[in-house]
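Working notes, beginning with the structure itself.
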Amino acid sequence: MRPSVLSRVLGSYALSIAGVRAVWVVRPTSKEALWGVLWTFLVFESMFAIEVGLYGLEFKTVAFGVVAGTISVIILLVYNLNGWLDPLKQSSNISKLHVS
């Protein structure tokens with residue numbers, strides 16, 4: 001099976017998105033991770049919509065990516081809503097731990 005231009009473009013697109021999401025691994029509680037994951041989620045899901053809607057790819061083919069992206073966004077939104085992404089709050093919590 002020979003790769004098409006579309007598959008190569010979408011493959012490189014997916015790798016670049018994975019690179020941006022690596023920020024989440026390195027600094028999971030940073031605001032950069034939140035914005036990076038939200039941005040890549042939008043880009044990834046639009047890529048999946050193109051593949052499914054325009055090219056007739058079965059949804060089950062991209063379902064894992066949709067689920068993984070959704071989970072990462074939910075986790076970071078929970079972190080953000082609880083204030084765990086605030087560096088000042090984190091440093092004050094750390095200093096409280098050192099005092100105790």
Side-chain angles (χ1 to χ4, degrees):
M1 183 179 207
R2 295 181 58 165
S4 68
V5 172
L6 177 66
S7 67
R8 289 180 184 187
V9 169
L10 293 177
S12 63
Y13 202 34
L15 286 174
S16 66
I17 290 169
V20 171
R21 285 195 177 168
V23 172
W24 187 24
V25 174
V26 175
R27 294 187 56 211
T29 59
S30 69
K31 286 286 186 177
E32 294 85 0
L34 172 68
W35 296 117
V37 169
L38 289 176
W39 174 252
T40 57
F41 179 75
L42 292 173
V43 172
F44 229 155
E45 302 317 310
S46 67
M47 182 180 77
F48 289 152
I50 290 169
E51 291 174 324
V52 172
L54 297 178
Y55 295 100
L57 192 66
E58 291 186 43
F59 180 76
K60 67 180 180 179
T61 307
V62 296
F64 178 80
V66 171
V67 171
T70 303
I71 290 170
S72 64
V73 166
I74 290 170
I75 289 170
L76 278 173
L77 288 176
V78 167
Y79 264 63
N80 193 42
L81 291 173
N82 285 310
W84 298 336
L85 296 181
D86 182 16
L88 297 175
K89 187 174 180 180
Q90 287 178 359
S91 63
S92 67
N93 286 343
I94 291 171
S95 64
K96 286 178 189 175
L97 291 174
H98 290 299
V99 172
S100 299

Hydrophobic clusters here meaning ILVMFWY residues chained together by side-chain heavy-atom distances under 4.5 Å, can you tell me if [X] and [Y] are in one?
X   : Y   : result
F59 : F48 : yes
L54 : V66 : yes
V73 : I71 : yes

Check whether any side-chain N or O of T61 sits under 3.5 Å from a backbone N or O of L57 as a donor-acceptor pair, and report yes or no.
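Between the backbone of L57 and the side chain of T61 there is no qualifying donor-acceptor contact (under 3.5 Å).
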
How many angstroms lie between [atom1] in [X] and [atom2] in [Y], if you round to the nearest 0.5 Å?
X   : Y   : atom1 : atom2 : value
Y55 : I50 : OH    : CD1   : 7.5 Å
W84 : I75 : CH2   : CD1   : 11.0 Å
T40 : M47 : OG1   : CE    : 10.5 Å

Any side-chain heavy-atom pair from N80 and K31 closer than 4.5 angstrom?
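Side-chain contact under 4.5 Å: yes.
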
Looking at side-chain heavy atoms only, is the closest gap between F41 and L38 below 4.5 Å?
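F41 vs L38: side chains apart.
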
State which residues pass side-chain contact (heavy atoms from CB on, under 4.5 Å) with W39; sequence neighbours excluded, sorted by chain then number.
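side-chain contact (heavy atoms from CB on, under 4.5 Å) list for W39, sorted by chain: V43.
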
